[in-house]
Amino acid sequence: MLQTNFIKENKVLVIERLKKRNIDATPIVENIIQLDDDRKKTQQTLDSLLSESNQLAKKIGDLFKAGKAEEANALKAQTTELKEKSNTLKEQQNNITDQLNQLLYQLPNIPNELVPNGKTDSDNELIFENNKKVELAQSNKKPHWELAKTFDLIDFELGVKITGAGFPIYKGKGAKLQRALINFFLNEADKNGYQEIIPPLMVNEASGYGTGQLPDKEGQMYYVTEDDLYLIPTAEVPITNIYRDVILKEEDFPIKNAGYTPCFRREAGSYGKDVRGLNRLHQFDKVEIVQIQHPEKSYETLETMVEQIKQLLNQLDLPYRVVRLCGGDLGFTSAMTYDFEVYSAAQEKWLEVSSVSNFEAFQANRLKCRYKDKDGKTNLVHTLNGSALALPRIMAALIENNQTENGIKIPEVLVPFTGFNIIN
RNA sequence: GGAGAAAUGGCAGAGCGGUCGAAUGCGGCAGUCUUGAAAACUGUUGUACCGCAAGGUACCGGGGGUUCGAAUCCCUCUUUCUCCGCCA
């Protein structure tokens with residue numbers, strides 16, 4: 001969430017920038033500023049009341065010790081009134097902070113000035129395209145769900161039997177290709193200096209709030225009621241929350257962690273052709289890279305992360321493009337996001353395989369992840385993350401684009417990991 | 001799952017209901033000494049909020065209660081440790 005002081009000091013900017021998201025934040029911002037002023041005033045009177053009580057209590061103690069019980073008991077009467085007053089004030093104060101927090105939770109991150117205006121993904125800004133789209137012969141233009149069946153790589157129906165729709169079962173070479181991709185991605189992350197993490201796949205409520213899945217995206221996560229835990233929708237949640245309530249030193253930057261995890265998403269409201277095959281799943285695998293960086297360096301870092309993901313796709317030899325999300329398409333917590341899309345020649349469409357974002361201090365403020373600068377002052381850090389990469393659509397694009405008359409060719413970089421170079 | 005013990009600052013570890021934001025040790029930072037380092041010595045060293053400042057307020061695992069006054073007493077939740085049971 002945004003910091004109240006930042007909103008106060010940059011009111012015009014905040015409202016202006018949030019217009020990129022096609023929202024008029026004026027009323028909510030005004031409300032926040034008003035509530036914060038109220039909060040300060042209440043705190044002032046409350047603090048002085050408490051101070052008075054503290055002094056009185058001390059005096060009573062001294063009197064008792066001096067053996068002046070009568071005087072002490074006389075003073076006790078005064079404390080009752082003070083206590084009542086301070087209790088009501090405390091309640092008021094709690095009310096105000098609750099309201100304030102609720103409003104702050106509703107306010108999304110302010111987009112970076114480079115974020116284009118727009119409403120839908122068609123307004124996203126094309127940043128890069130490697131122009132490697134391939135043409136497939138009509139005879140070899142099968143979508144991955146057909147190829148998966150032909151070569152017995154993935155069994156969607158069996159997944160339905162075991163669990164339900166959106167929980168595919170990978171088999172044989174399909175499973176091996178999957179494992180090869182995970183290892184390849186993790187190795188690359190390692191080469192780029194990320195520490196490998198194997199986090200828990202379930203998180204508590206506090207972690208959900210820390211990275212911003214809660215309170216607004218509750219319906220997206222699977223929730224284990226009995227134990228009050230959430231299945232992670234992305235490794236971003238546990239890996240970033242490692243730094244919840246942590247104060248870092250300046251020399252700790254940058255912190256680079258990467259982790260492979262399955263991801264669980266309820267995807268309520270999805271339907272139709274978009275959910276066919278691997279295009280949208282309830283459980284999928286992903287390698288996530290997460291960085292914690294000095295505020296002055298976060299955008300530089302974002303670009304290096306983009307570069308790292310490009311290298312992955314280059315090595316896999318896939319046609320892809322990078323877009324900068326427009327305000328309307330931008331996630332709630334992000335200040336700037338690049339999406340990576342690979343082109344599927346068989347489906348004849350772009351598939352989103354990665355999303356790299358700079359959250360600036362938005363997550364850090366919820367996480368209370370700070371660093372001490374040279375003057376000893378604590379400031380919020382900037383957090384970033386990106387998929388490097390999400391498996392299913394990579395898998396889909398790989399088998400679709402590489403289908404030949406003789407079978408599906410495996411990209412060279414993966415062969416050491418798969419142990420085979422063709423699926424036939 | 002059953003029985004017991006515990007939770008205090010970066011760490012270790014004191015703390016009779018008032019003099020406790022909290023002893024002491026270690027660590028960190030700054031300085032003195034030194035050609036430099038070590039040692040020794042001196043000082044400093046939690047977070048948040050309010051306030052121009054002086055200063056004030058809150059926080060001793062979380063929440064609630066008793067009391068004029070709670071780190072200290074009571075209730076509750078969570079976590080950790082020990083023992084027993086079960087088990088990858």
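Residue numbers begin at 1 in each chain, while the letters A, B, ... track the order of the sequences.
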> How far, in whole Å, is B/C11 from B/C75 if one measures between their C1' atoms?
Replying inline: 32 Å

> Nearest of B/G46, B/U57, B/C68 to any side-chain atom of A/Lys372?
Replying inline: B/G46

>> Between B/U79 and B/C73, how far apart are the two C1' atoms, rounded to whole Å?
In response: 23 Å

> Quantified in whole Å, what is the C1' atom distance between nucleotide B/G21 and nucleotide B/U76?
Replying inline: 27 Å

> C1' atom, B/U57 versus B/U45: distance in rounded Å?
Replying inline: 22 Å

> Given that both distances must come in under 3.5 Å, which nucleotide forms a Watson-Crick or G-U wobble pair with B/G4?
Replying inline: B/C81

>> In this structure, how many angstroms lie between the P atom of B/G10 and the CD1 atom of A/Ile247, rounded?
In response: 8 Å

> Between B/C68, B/C50, B/U57, which one does the side chain of A/Lys40 approach most closely?
Replying inline: B/C50

>> Strictly below 4.0 Å, N to O, side chains only: are A/Glu288 and A/Lys286 in salt-bridge contact?
In response: yes

> Whole-Å distance between B/C50 C1' and A/Asp37 CG?
Replying inline: 13 Å

> So what does A/Leu75 hit on the nucleic acid, given a heavy-atom distance under 4.0 Å: a base, only sugar-phosphate, or nothing?
Replying inline: nothing

> Should A/Ser51 be listed as having a side-chain N or O under 4.0 Å from OP1 or OP2 of B/U57?
Replying inline: yes

>> Suppose you measure atom C1' in B/C33 against the same atom in B/A38; what distance do you get, rounded to whole Å?
In response: 12 Å

> How would you label the contact of A/Thr378 with the nucleic acid (heavy atoms, under 4.0 Å): base, sugar-phosphate, or nothing?
Replying inline: sugar-phosphate

> Do the side-chain N or O atoms of A/Lys83 get closer than 4.0 angstrom to the phosphate oxygens (OP1, OP2) of B/G69?
Replying inline: yes

> Is a side-chain donor or acceptor of A/Gln403 paired with a backbone partner of A/Glu400 at a separation under 3.5 angstrom?
Replying inline: yes

>> Do the side chains of A/Lys19 and A/Glu16 get close enough for a salt bridge, i.e. N-O under 4.0 angstrom?
In response: yes

> If you check the A/Gln43 side chain, which of B/C49, B/U47, B/A58 turns out closest?
Replying inline: B/C49

> For A/Asn54 and B/C68, what is the distance between atoms CG and P respectively, to the nearest whole Å?
Replying inline: 15 Å

> Are A/Asp37 and A/Lys8 close enough for a salt bridge, meaning some N to O gap below 4.0 Å?
Replying inline: yes

>> Taking side chain to side chain contact (heavy atoms under 4.5 Å, CB included) as the criterion, tell me which of A/Val353, A/Leu281, A/Leu278 meets it with A/Arg393.
In response: A/Val353

> Rounded to the Å, how far apart are A/Asp62 CG and B/C68 P?
Replying inline: 17 Å

> What is the distance, rounded to the nearest whole Å, between atom NZ of A/Lys59 and atom P of B/U67?
Replying inline: 22 Å

> When you measure from the side chain of A/Glu360 to the backbone N and O of A/His382, does any donor-acceptor pair fall under 3.5 Å?
Replying inline: no

> Could you give the CD-to-C1' distance, from A/Glu71 to B/C68, as a whole number of Å?
Replying inline: 15 Å

>> On RNA chain B, compare the nucleotides closest to A/Ala57 and A/Asn5; which residue's is nearer the 5' end?
In response: A/Ala57

> In whole Å, what separates the P atom of B/U19 from that of B/C60?
Replying inline: 15 Å

>> Taking B/G62 as the reference, what is the distance to B/U78 when you measure between their P atoms (whole Å, please)?
In response: 15 Å

>> Quick check: on RNA chain B, is the nucleotide nearest A/Gln93 upstream (toward 5') of the one nearest A/Leu56, or the reverse? Name the residue that is more 5'.
In response: A/Gln93

> Considering only B/G51, B/C68, B/C49, which nucleotide approaches the side chain of A/Arg39 most closely?
Replying inline: B/C49

> Which nucleotide, in any strand shown, forms a Watson-Crick or G-U wobble pair with B/C29, with both distances under 3.5 Å?
Replying inline: B/G43

>> How many whole angstroms separate atom CG of A/Leu49 from atom C1' of B/G51?
In response: 16 Å

>> Side chain of A/Arg370 only, heavy atoms from C-beta on: which candidate in B/U47, B/G18, B/U57 is closest?
In response: B/U47

>> Looking at A/Lys191 and A/Glu188, is any side-chain nitrogen of the basic one under 4.0 Å from a carboxylate oxygen of the acidic one?
In response: yes

>> Just the rounded figure in Å: distance from P of B/U19 to CD1 of A/Ile60.
In response: 14 Å

>> With rounding to the closest Å, how many angstrom separate the P atoms on B/G64 and B/A70?
In response: 14 Å

>> Which nucleotide, if any, forms a Watson-Crick or G-U wobble pair with B/A37, using both distances under 3.5 Å?
In response: none

> Should B/G18 form a Watson-Crick or G-U wobble pair with both distances under 3.5 Å, which nucleotide is its partner?
Replying inline: B/C68

> Considering every strand shown, what is the Watson-Crick or G-U wobble mate of B/A23 when both distances are under 3.5 Å?
Replying inline: none

> Does B/A48 have a Watson-Crick or wobble partner in any strand here, with both distances under 3.5 angstrom, and which is it?
Replying inline: B/U57

